[in-house]
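Source: prediction; values computed, not measured. FYI, the numbering just counts along the sequence from 1. In listed order, ligands and their atoms are each counted from 1.
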Amino acid sequence: MKYFSTRGEAPVLGFSEVLLQGLARDGGLYLPETWPVFDADKIASFAGMAYADVAFEVIQPFVVGEIEDDELRAMIQESYDGFRHNTVTPLVQITPNRFILELFHGPTLAFKDVAMQLLGRMMDHVLTKRGLRATIVGATSGDTGGAAIEAFRGRERTDIFILFPDGRVSPVQRRQMTTASEDNVHALALTGNFDDCQSIVKGMFNNFGFRDRVALSGVNSINWARILTQIVYYFVSGVAVGAPHRKVSFTVPTGNFGDIFAGYAAMQMGLPIEKLVVATNVNDILARTLETGRYEMRGVTATSAPSMDIQISSNFERLLSEVCGRDGEAVRRMMNQLSQSGSFTIESGPMEAMRTSFAAGRCDEAETADTIASTLNENGYLLDPHTAIGVHVAKSHDDGKTPMIILGTAHPAKFPDAVEAACGVRPELPLELQPMMTAEERQEVLPAEQDAIERHIEQHARAVHSGV
Ligand SMILES: Cc1ncc(COP(=O)(O)O)c(C=O)c1O
Ligand SMILES: N[C@@H](CCOP(=O)(O)O)C(=O)O
C-alpha cells in the first residue's frame, strides 16, 4: 500500500515512512492510494471475533509488506491486553435504538489510547529496525497528550514533547501529562489555546532544517496511523448491532475530525453506514461548514468539553481531498485561503458529496449539562461532557430504525467538576490512577512562539545529541 499527500506535492510513501513522517513535506496529510474493500461475508465474519483479531484484519492491508503479520499480531495483542475491559470497546445500550461505544477503557481513560497504544509500539518497531531515534511532538487540547505520554514514556528510541494550552485542560488531563517522571517526557504548557499549539507543531514540520535535525515525528491525528487504528472499532461495533445485514449510523463528538474520518474510512472499506453525524460544542466550525459550505474561523470559546475546543480541524483536509477527487491543487488552494484569510468556500459538488455521508449538530453548555443530568436520571448512565455532546446531537439524527452508535470518547472521571456540576454525582478515578492526583508535577511554561519551542526541543532531544 502506498500513500499520497492531500496537497499532491510530497513524495508517495510506504506505511513505515508515513508513520515516521507524521505530516507530509508539502504540509498535507497522507491518505492511502486505494481503500481496501471488504465484502459482506468478510464483514459478517467479524461477529464474535476478539477485538484484537478484527484489528489485525482491518489494519493488515494497510501495512502489508512493511510489518510482518506475526509482528503486527503481537503488537496488537499487547496493545489491547492492558485495557480495563476484556472486549476492549464495549457497547452499552442506553435506549432501544441508541448505543454508547465506550472507548475509554485504556490507560488514560480516553479514546486516544486505542490508537496510541498501538502507534507507540509500531513506531518503536520501525525505529528499532532502522536503528534510528525520533523526536515526537504533539499538540493537545487535553487527551492526546496524556495518551501519547503513556504510550511513549520510558521508550529508549523516542523523546516526546507535548504542547498543551496552559490552564485550559482539566486537572486530571494535566496531571496525566505532568506526573510522568521518565526523562524522555516533556510536558510544555503554552500561553495560548489548542489551535496555537497545533499551528506551532505544523510550523515545526514545515521548518525542514529543524525537522531533519531533530528527526521530528508526530502523534497527532495528522499521522495516518492514528486514523488507521481507529477504523477498527467502527467495524467491531457496527457488526455488533447487525452490520453488514443492516445499516448503522454513528454520532461522533468531533474536534480535529480524526475520529469521524476513521468512520468515513470504514465506510469506504464496505461497512454499510447510513450517516456519520458530527457533534460539536459551541466551537461549531464543522457544523456551520456542513450547513453553509463555508469554512470560517471564529475565536475559540473554552467549554466543559475542552478536548473539543478547536477551530482548525486538521483532518477535515483529508475529507476535502476525498470529495475533491484527490485534487491536490484544489486542496492547496483552500488551505492557502484558510491561512491567509481564516476561511474558504467549498464548491457545490464536493459539498453535496460530503452531505451524502455526513450530517452535523451542535450542543451548547446548558444542553451538555442537561444531557448529563437527564441521561443519568432516565437511563442510569453517567456521561462525560464530550460524550454528552454526542448523545444530545444524536437525538435529532436518530430515525428510530437505524441503530445509532454514539462514540463514548472519555470517561466521566476525567472531568469530575463538570459532571458533578451537571448532575450532582462526582465520578471517581479508577483506583490505580488516584496516586497521580497527589504526585509531583513537572512542566515547562513557555510562550506560544515557535522559535522558543524549537530552541527548547533542540536543547533536550536526544536525537540531536546522540548521533543515532
Ligand atoms: C474526549 C474527546 N472527545 C472528542 C474529541 C474529538 O476527536 P477528534 O479530534 O478526533 O475529532 C477529542 C479530541 O480529539 C477528545 O479528547
Ligand atoms: N482533542 C485532541 C486534540 C488533538 O487531536 P488529535 O486527535 O489530532 O491528536 C486532544 O485531546 O488533544
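- With hydrogens left out, the protein atom closest to atom 9 (O) of ligand 1 is Asn256 N, 2.7 Å, a heavy atom.
- Assignment of Ala110 to the shell around ligand 1 is not supported, since no heavy atom sits closer than 4.0 Å.
- At under 3.5 Å, a nitrogen or oxygen of Gly258, whether backbone or side chain, sits near a nitrogen or oxygen of ligand 1.
- Under the salt bridge (Lys or Arg N to Asp or Glu O under 4.0 Å) criterion, Arg426 pairs with Asp417, Glu420, sequence neighbours left out.
- In this structure, Arg318 fails the cation-pi test against Phe257, since its NZ or CZ atom is not both closer than 6.0 Å to the six-membered ring centre and inside 45 degrees of the ring normal.
- Of all atoms in ligand 1, listed by their number and element, those nearer than 4.0 Å to a heavy atom of Met308 are 4 (C), 5 (C).
- For atom 10 (O) of ligand 1, the closest non-hydrogen atom on the protein side is Asp259 N, 2.9 Å.
- At least one donor-acceptor pair under 3.5 Å links the side chain of Gln311 to the backbone N or O of Arg298.
- For the pair Gln230 and ligand 1, no heavy-atom separation below 4.0 Å is found.
- Looking at heavy atoms from C-beta onward, Arg121 lies in side-chain contact with Glu78 at the 4.5 angstrom threshold.
- A side-chain donor from one of Gln21 and Arg211 sits under 3.5 Å from a side-chain acceptor of the other.
- Residue-level contacts of ligand 2 at the 4.0 Å heavy-atom threshold are Lys112, Ala139, Thr140, Ser141, Gly142, Asp143, Thr144, Phe194, Asn220, Ser221, Arg226, Asn256, Ser307, Ile310.
- Contacts with ligand 1 closer than 4.0 Å are made by side-chain heavy atoms of Phe111 only, the backbone lying farther away.
- Residue Ile310 has no N or O atom closer than 3.5 Å to an N or O atom of ligand 1.
- No side-chain N or O of Thr191 forms a donor-acceptor pair with one of Asp166 less than 3.5 Å apart.
- Taking any N or O of Thr254, backbone or side chain, none lies under 3.5 Å from an N or O belonging to ligand 1.
- With no hydrogens or angles considered, a side-chain donor-acceptor pair links Ser314 and Lys202 at under 3.5 Å.
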